[in-house]
Number of protein chains: 2
Amino acid sequence: MTATTGVSRRALGLGLRATAKVLPEHTRAHNRSMVLQHLFHAGPTSRADLARATGLTRVTISDLVAALLAEGLVEELGVRKGGVGKPAMLVGMRTEEFHVVALDLSDESVMRGAVLTLTGEAVERRSLDVAGRTGDDLVDLVARLARRLLDDATRPVIGVGLGSPGVVDPAGRVVEAPNRRWADLPLAAILTERLGLPVHVANDADTAALGEYTYGGAADSMLVLTVGQGVGAGIILDGARVHGAGNAAGELGHVTVVDDGAPCACGRRGCLETLLAVPALRRATAGLDAEAADAVLAGVGRVLGTALAPVVSALNLGEVLLSGPADLLDGALREATTQTLRDRTMRAVSAHLPVRMATLDEDVVLAGAAVLVLAAQLGVS
Amino acid sequence: MTATTGVSRRALGLGLRATAKVLPEHTRAHNRSMVLQHLFHAGPTSRADLARATGLTRVTISDLVAALLAEGLVEELGVRKGGVGKPAMLVGMRTEEFHVVALDLSDESVMRGAVLTLTGEAVERRSLDVAGRTGDDLVDLVARLARRLLDDATRPVIGVGLGSPGVVDPAGRVVEAPNRRWADLPLAAILTERLGLPVHVANDADTAALGEYTYGGAADSMLVLTVGQGVGAGIILDGARVHGAGNAAGELGHVTVVDDGAPCACGRRGCLETLLAVPALRRATAGLDAEAADAVLAGVGRVLGTALAPVVSALNLGEVLLSGPADLLDGALREATTQTLRDRTMRAVSAHLPVRMATLDEDVVLAGAAVLVLAAQLGVS
DNA sequence: GGCAGAGTGTTAGGAGGCTTTACTAACAAA
DNA sequence: TTTGTTAGTAAAGCCTCCTAACACTCTGCC
């Protein structure tokens with residue numbers, strides 16, 4: 001309880017809480033993002049309405065809009081005649097006039113990619129067979145897919161986004177992705193260099209959460225559980241992505257949920273993944289009639305609910321989203337999860353907590369990768 | 001996946017992600033805070049070193065320091081003769097020349113308060129018997145204790161901080177605190193009005209987390225479990241407090257941890273609180289010899305570890321802190337919790353995860369309440 | 001002893017950002 | 001036609017930071 005605490009923190013190499021200096025131009029950038037953010041989510045708006053929405057003056061807004069017009073990011077869309085006064089000129093973001101290239105590396109066997117508009121609509125899709133490639137070969141393959149998609153784009157591309165499995169730090173360095181044989185790989189930097197465009201990389205589950213947040217209308221505090229070959233989670237709290245102490249937040253797949261359960265690839269037993277991953281679910285329900293399958297799925301749902309209960313309580317989540325095959329997740333499993341959460345947490349926490357399916361299905365990761373680019377390049381999310 | 005998502009979000013009254021306009025003076029305020037933050041944690045520093053630490057120029061730093069000198073917040077402390085060049089004039093924060101009044105309402109029967117210096121050292125302590133008061137009477141009592149402490153202060157008081165049980169929103173409104181008969185009570189606003197000083201209110205567990213974070217040297221992503229009459233948690237992730245969708249983050253006491261367990265005050269059964277709260281622990285260990293008591297405590301520790309495992313995994317916490325009676329917590333219970341966490345989570349997540357006692361003991365909430373003030377008034381935490 | 005080199009802090013000038021104030025433009029209602 | 005309202009623009013001013021240049025004070029070296 002002394003002022004020297006900070007010194008010891010420093011001596012420990014933990015560093016002070018990272019705060020960065022702010023310059024006048026950052027002010028401008030922030031306000032510019034605020035305008036784009038509003039136009040992105042609310043659609044065409046007059047300058048005067050933008051001023052009211054942002055709290056800035058009409059003068060400043062006019063100036064910002066002029067700059068955005070010059071950049072081609074927004075356009076004037078004609079007047080809106082309303083009640084009294086001079087009719088307003090609507091200004092809208094040119095969401096169809098720019099493209100984003102997004103890549104999804106979450107699947108082990110096939111790498112998916114797309115050219116998207118700023119509203120997240122796919123204009124072109126491509127995929128490449130991974131064919132067992134790992135390490136640098138896999139990086140080459142990623143670059144190849146990205147280049148092809150860049151060629152496909154018919155509009156200026158503002159950046160490339162990528163969702164990758166493994167631990168990824170905020171700078172886009174893949175700290176560790178065992179299945180891809182990547183370790184401490186500055187993937188974002190490498191691709192930025194090779195492609196000559198800004199490239200942003202994040203964990204695939206985090207990316208999925210971003211996608212649902214921005215394009216799927218998810219709540220401000222929520223968790224997206226991604227169920228595929230493995231189980232992961234992306235978490236957004238109070239509107240911000242959770243990274244965690246070692247950038248490994250969301251690793252829910254390897255929590256023990258069954259004592260003395262089935263052996264897991266991680267070397268331990270009874271991990272959530274041994275029950276909830278798609279292969280496990282398929283295996284467990286194979287050959288069963290609908291009723292019996294539902295009983296199995298409900299059992300898994302109860303286990304999931306039990307595991308999520310402390311998380312939901314600790315974070316006061318506004319929503320839990322499940323992303324994965326609807327035939328497995330969106331039925332008995334989801335209902336059992338919901339019910340178990342209600343049974344095992346305070347009413348105030350879970351009574352109005354929707355457990356629902358993610359809305360973007362297969363494209364979550366791609367959409368989220370696009371959001372990565374939007375957020376970094378335009379300040380929009 | 002359309003641009004109109006934002007519109008529907010808006011129509012739902014959820015509002016857009018709250019971004020506020022930034023003005024030139026906010027730039028100044030931010031940089032000013034950065035200087036104070038550095039001085040607070042690193043101790044006396046020269047202007048040139050501040051420039052290097054913040055990234056701002058010496059010119060700007062000199063200007064900021066001049067303003068802080070004029071306000072009396074910092075002082076010059078003589079030259080530091082070193083190698084070549086002009087000797088540097090050290091500048092230090094006048095942490096002993098200002099006071100903060102902090103109040104701790106976490107105990108049902110007694111309300112504690114203190115006058116603290118900016119380094120969190122108690123200069124004066126007072127407490128008042130709550131004597132069953134609730135509602136408006138309790139507000140009056142809080143105001144009375146605060147006024148007495150303000151009279152005790154021998155230095156200018158920069159603000160009042162308060163840690164209260166219940167759900168508290170970021171504006172210091174107590175949404176709900178059943179035991180105090182408070183509901184939707186703008187406590188911070190009321191006290192600010194009555195005392196004529198800035199008053200900041202937060203949940204007691206959150207406050208405890210803040211205290212440990214700033215004065216206790218806790219990690220950037222951590223959870224403080226407060227064990228007292230009830231069980232709560234304060235969570236800091238990536239350096240920011242977690243509020244949650246309904247400002248009720250941290251309500252871990254009422255997660256079900258035992259199927260068909262003992263009845264809980266909340267109306268359900270088997271809540272964590274029925275095992276881990278201090279009264280429950282005392283009851284369970286009463287009259288047992290040390291060995292038997294440890295066995296009981298280890299059992300509770302295992303249950304706690306099981307409940308925390310999904311939280312630790314999901315958030316990739318850097319630390320878990322236990323706050324409460326050391327004779328109960330800091331032994332078999334803590335060890336069992338640690339071991340259970342290791343057993344039930346990925347190695348990468350838990351191998352280097354310390355589960356340790358909070359360092360501030362009884363004063364955590366008071367210290368955290370002071371941090372509330374420091375953070376709000378000076379931008380320091 | 002004196003001078004070059006280095007590091008600290010200040011002064012002067014300038015660029016960028018937002019605001020207030022005041023204006024023009026365009027429309028509805030009386 | 002007049003009045004009132006709303007949208008957008010122009011000019012002036014304040015705030016913030018930066019770069020460039022300088023004064024000051026110390027060390028090291030000839």
Side-chain angles (χ1 to χ4, degrees), chain A residues 19-39 42-71 74-92 379, chain B residues 19-36 38-39 42 44-71 74-92 379:
Chain A
T19 42
K21 66 174 172 181
V22 169
L23 303 181
E25 64 233 54
H26 297 140
T27 302
R28 183 69 161 187
H30 175 99
N31 290 336
R32 190 189 104 117
S33 291
M34 220 172 23
V35 169
L36 285 177
Q37 175 87 355
H38 189 91
L39 293 176
T45 310
S46 73
R47 290 172 175 82
D49 282 339
L50 282 170
R52 278 184 285 270
T54 58
L56 293 164
T57 61
R58 294 201 304 276
V59 180
T60 304
I61 290 296
S62 283
D63 203 44
L64 284 165
V65 167
L68 293 170
L69 282 169
E71 289 178 63
V74 306
E75 62 192 339
E76 296 194 323
L77 295 168
V79 296
R80 175 191 55 194
K81 302 203 181 186
V84 301
K86 177 180 172 179
M89 170 64 72
L90 289 177
V91 175
Chain B
T19 42
K21 66 173 172 180
V22 169
L23 304 181
E25 64 231 55
H26 297 139
T27 302
R28 183 71 159 186
H30 174 98
N31 289 335
R32 191 187 104 116
S33 290
M34 218 173 24
V35 169
L36 284 176
H38 190 89
L39 292 176
T45 310
S46 73
R47 291 172 174 81
D49 282 339
L50 282 170
R52 277 184 286 270
T54 59
L56 294 164
T57 62
R58 294 202 304 273
V59 180
T60 303
I61 291 295
S62 282
D63 203 46
L64 285 166
V65 167
L68 292 170
L69 281 170
E71 288 178 64
V74 305
E75 62 191 340
E76 297 196 322
L77 294 168
V79 296
R80 176 191 55 194
K81 301 201 182 186
V84 301
K86 178 179 171 179
M89 171 63 73
L90 289 177
V91 176

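In this text the structure is predicted, and so the values were computed from the model without any measurement. To find a chain, count down the sequence lines: A is the first, B the second, and so on, and within it residues start at 1.
- Annotation for A:Ser33 and A:Gly379: closest pair OG-CA, 3.5 Å, computed over non-hydrogen atoms.
- For the pairing with B:Asp63, the salt bridge (Lys or Arg N to Asp or Glu O under 4.0 Å) check across B:Arg32, B:Arg58, B:Arg47, B:Arg28 returns one residue only, B:Arg28.
- Distance from the side chain of A:Ala48 is smallest to D:dG8 among D:dA20, D:dG8, C:dT19.
- Contact annotation for A:Ile61: no contact, since no heavy-atom pair falls under 4.0 Å across all strands.
- One atom, CD of A:Glu76, and another, P of D:dT9, lie 8 Å apart when rounded to the nearest Å.
- For the pair B:Leu90 and B:Asp49, the minimum side-chain heavy-atom distance is 4.5 Å or more.
- At a cut-off of 3.5 angstrom, counting only N and O atoms as typed in the model, there is no donor on one side facing an acceptor on the other between the side-chain of A:Arg28 and the base of C:dG17.
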Produce the list of close N/O pairs, under 3.5 Å, pairing protein atoms with atoms of nucleotides 27-30 of chain D; give distances to one decimal.
none

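- Residue A:Lys86 has its side chain nearest to C:dA25 when only C:dG9, C:dA25, D:dC17 are considered.
- In this structure, B:His26 atom NE2 and D:dT16 atom P are separated by 11 Å, rounded to whole Å.
- The nucleotide whose nearest atom lies closest to any side-chain atom of A:Ser62 is, among C:dG9, D:dG8, D:dC17, D:dG8.
- Between D:dC17 and B:Thr60, no contact under 4.0 Å exists linking OP1 or OP2 to a side-chain N or O.
- Within 4.0 Å (heavy atoms only), A:Arg52 reaches sugar-phosphate atoms of the nucleic acid but no base atom.
- Checked by atom type and distance alone, the side chain of B:Lys21 pairs as donor or acceptor with a backbone atom of A:Gly55 at under 3.5 Å.
- Minimum interatomic distance between A:Val74 and A:Leu69 (heavy atoms only, all atoms of both residues): O-CD2, 3.4 Å.
- Put simply, the side chain of A:His26 gets close to the backbone of A:Leu23: a donor and an acceptor are under 3.5 Å apart.
- Proximity of A:Thr57 to the phosphate of C:dC18: no side-chain N or O atom is located under 4.0 Å from OP1 or OP2.
- Protein atom CG of B:Leu23 is 12 Å distant from nucleotide atom C1' of D:dC14, rounded to whole Å.
- The closest side-chain heavy-atom distance from A:Thr27 to A:His30 is not below 4.5 Å.
- Distance CG (A:Leu64) to C1' (C:dC18): 10 Å, rounded to an integer number of Å.
- In this structure, B:Arg58 does not reach the D:dC22 phosphate: none of its side-chain N or O atoms is under 4.0 Å from OP1 or OP2.
- Here C:dC18 presents its P atom at 12 Å from CZ of A:Arg32, a figure rounded to the nearest Å.
- Atom CG in A:Asp49 sits about 13 Å away from atom C1' in D:dG8, given to the nearest Å.
- Between the side chain of A:Asn31 and the backbone N or O of A:Leu56, no donor-acceptor pair lies under 3.5 Å.
- The side chain of B:Pro24 has D:dT16 as its nearest neighbour among C:dT19, D:dT16, C:dT10.
- For A:Val59, taking side-chain heavy atoms from C-beta onward, the closest of the listed nucleotides D:dC18, D:dA11, C:dG9 is D:dA11.
- When distances run from any side-chain atom of B:Pro87 to the nucleotides D:dC26, C:dG9, D:dT19, the shortest one goes to D:dC26.
- Looking at which nucleotide of DNA chain C each of A:Asn31 and B:Leu90 is closest to, the 5′-most match is held by B:Leu90.
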